[in-house]
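We number each residue from 1, following the sequence as shown.
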Amino acid sequence: MKVHCLSFQSISKLYLHFCWICLFTYNPFVFSQIKTDKNWENKTAEEQNNTQIVAGNDIPDKLSGNQLSEPMSRNQTKIPAALISLGWKSSDYALIVEKLLHKLTVYRSNFNGGYDVIKSYEAITGKKQGDKKSVGDKKTPEGVYFITGKISGGKLPPKYGPGALTLDYPNIFDQRSSKTGYGIWIHGVEDDTRVLKPFDTDGCVALRNQDWKDLEKYITLFETPVIITKEMFYLNSNETLLEAKSQIHSLLESWKKAWENSDLNLYLSYYSDTFHTSGKNKNQWLSYKTSISANRKGKITIEISDPKIVAYGDQLFVSFLQRYKSSEKIDFGRKFLYLKKENNEFKIISEKWYEEDEKPELLSALIRQNNEYK
């Protein structure tokens, strides 16, 4: 498949293709205009859903009524709106926690570009409803997170059961929103009857002990996304999903070409004025990149794998394998991009890169991606 480069300014069209993302997730950014009464959190899921559909009347017909579906509890065949792509692996997993439905569902990507439901567990969340804002508020955070580690039950108080899987809260997006708190985990319970109380944790997600043990086999640290939301919405077909994926691939290809060509003005246009990484703001990042470009001899090439793309409201998380090559340097690792919508365009607010060993299965992901784009 040939992907044509797009100028970053033209990516404003991307917003139209992502209205469904903002529509399908309950979060304070998207619904600030429709949450006009103080009883929003006390409304039933059906009442909130009705308000949400009204809010979507202005989006294109192509992405509105025909694409919006019922929550998964009423239709098991839908595609989660948040899961645009799980990346280069032929089969990978994602977890979705729906707080109002008291459920954690495991999804796996399939060869048709969609997702299969692998397992669903009853789950309980924070005693207070709504998105976590501060330490001690007893709310479960909402957004895209990753499991970063495991703590065995023997090292924890009995209320955590057989153990805990730690999440990366607060993530980059949370930190930019000045959210505080720590120790948000997916854990077991001292007594399985606790799961009968749907809102009973201090902010964590808790499962029955056997369910927690079963969940472990679907987890890859730092790779398996965990989307926590009030209630996920789904697509009737993968047409919209594939279109959104193609748009983001085009954005990444344009960003990559600007980097390879040392077109720093175009390259920096992809970055938010609030960009910050590794102790550098946007201006310092420009100086750093300018210095590298001035001292480099010859051209550079950059190869990337099929990206993992997960959306939540006005947030977009993208990760991929990356190999950088110049006459002076070759490196290989994982790149993480954090994008946020600003004036109807997605801009990079932060990025991270971690070195990896060049294992054959990882390199083959680059080869497959290159063949796809030739």
Side-chain angles (χ1 to χ4, degrees), residues 3-12 14-15 29 144 146 168 170-180 222 247-305 307-310 314-358 366 369-370 373:
V3 175
H4 299 284
C5 299
L6 300 175
S7 66
F8 192 68
Q9 287 73 20
S10 71
I11 302 298
S12 60
L14 181 61
Y15 172 66
F29 298 104
V144 179
F146 287 85
D168 62 340
N171 61 21
I172 294 292
F173 298 114
D174 296 326
Q175 293 170 29
R176 293 300 179 88
S177 299
S178 300
K179 296 180 181 179
T180 61
F222 300 99
Q247 289 283 338
I248 298 172
H249 279 189
S250 296
L251 186 153
L252 290 175
E253 182 71 6
S254 181
W255 166 83
K256 181 174 79 73
K257 288 295 184 184
W259 185 8
E260 287 180 317
N261 296 332
S262 295
D263 186 345
L264 295 182
N265 287 331
L266 177 59
Y267 175 75
L268 265 294
S269 71
Y270 291 85
Y271 290 79
S272 168
D273 289 340
T274 66
F275 174 81
H276 196 275
T277 190
S278 301
K280 298 180 178 66
N281 60 28
K282 186 176 182 179
N283 289 334
Q284 293 168 329
W285 187 250
L286 173 60
S287 298
Y288 169 69
K289 289 292 185 179
T290 300
S291 175
I292 292 176
S293 179
N295 294 323
R296 185 175 55 239
K297 298 176 183 178
K299 295 188 66 176
I300 65 171
T301 59
I302 298 164
E303 300 170 276
I304 66 174
S305 68
K308 179 174 293 183
I309 307 166
V310 186
D314 61 356
Q315 304 170 3
L316 199 62
F317 172 86
V318 182
S319 69
F320 46 84
L321 298 170
Q322 172 186 296
R323 180 161 60 181
Y324 172 101
K325 184 178 180 180
S326 70
S327 58
E328 298 94 0
K329 181 180 181 182
I330 297 177
D331 60 31
F332 178 78
R334 294 180 187 270
K335 175 67 66 71
F336 299 85
L337 298 179
Y338 301 83
L339 298 93
K340 192 173 177 66
K341 192 187 301 173
E342 298 177 357
N343 299 320
N344 297 338
E345 294 182 344
F346 280 97
K347 300 276 189 175
I348 301 169
I349 64 168
S350 189
E351 65 177 59
K352 296 179 181 179
W353 184 86
Y354 299 95
E355 188 174 4
E356 288 267 6
D357 293 331
E358 296 193 53
L366 296 178
Q369 181 75 349
N370 291 338
Y373 284 101

Exercise. Could you give me the CA-CA distance, side-chain angles and deciding distance for Phe222 and Asp168, then say whether side chain to side chain contact (heavy atoms under 4.5 Å, CB included) is met?
Key: CA-CA 9 Å; Phe222 300 99; Asp168 62 340; over 6 Å; no

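Look at Asp174 and Lys179 and you find a salt bridge, because one of the NZ, NE, NH1 or NH2 atoms lies within 4.0 Å of a carboxylate O, short of that distance.
Contact detail for Gln315 and Phe346: the closest heavy-atom pair is C-CE2, 4.4 Å. When all heavy atoms of Pro307 and His249 are compared, the closest pair comes out as CD-NE2, 3.3 Å. Minimum interatomic distance between Arg176 and Phe275 (heavy atoms only, all atoms of both residues): NH2-C, 4.1 Å. Residue Trp285 comes nearest to Leu268 through the heavy atom pair CD1-CD1, 4.4 Å, listed as atom of the first residue, atom of the second, then distance. Of all the heavy atoms in Leu251 and Tyr270, the pair that sits closest is O-CE2, 3.8 Å.
The line from CD1 of Ile304 to CG of Leu321 is 10.0 Å long, rounded to the nearest 0.5 Å. The CD atom of Glu303 sits 10.0 Å away from the CD atom of Gln322 when rounded to the nearest 0.5 Å. Taken from OG in Ser262 to CD1 in Ile300, the straight-line distance is 5.5 Å, to the nearest 0.5 Å. Distance CG/Leu337 to OG1/Thr277: 10.0 Å, rounded to 0.5 Å. One finds the CD atom of Gln175 at 8.5 Å from the OG atom of Ser350 (value rounded to the nearest 0.5 Å). In this structure, Lys289 NZ and Tyr271 OH are separated by 6.5 Å, a value rounded to the nearest 0.5 Å.
Remark: the backbone N or O of Val144 is paired with a side-chain donor or acceptor of Asn171 at under 3.5 angstrom. No donor-acceptor pair closer than 3.5 Å links the side chain of Ser305 to the backbone N or O of Phe320. Looking at Ser293, its side chain never comes within 3.5 Å of a backbone N or O of Thr290 through a donor-acceptor pair. Put simply, the side chain of Gln284 gets close to the backbone of Asn281: a donor and an acceptor are under 3.5 Å apart.
Contact annotation: the side chain of Glu328 never approaches that of Asn295 to less than 4.5 Å [non-hydrogen atoms, C-beta and beyond]. Contact check for Leu316 versus Ile248: side-chain heavy atoms found under the 4.5 Å cut-off. With a 4.5 Å cut-off on side-chain heavy atoms, Glu342 and Thr274 count as touching. A 4.5 Å side-chain heavy-atom check between Leu286 and Tyr267 finds every atom pair outside the cut-off.
For residues 260-286, the pairs satisfying salt bridge (charged side-chain N to carboxylate O under 4.0 Å, His left out) are Lys256-Glu260, Lys257-Glu260, Asp273-Lys282, with sequence neighbours left out.
A salt bridge (charged side-chain N to carboxylate O under 4.0 Å, His left out) with Arg334 holds for exactly one of Glu355, Glu356, Glu351; it is Glu356.
Ring centers of Phe336 and Tyr354: under 6.0 Å apart, within the cut-off.
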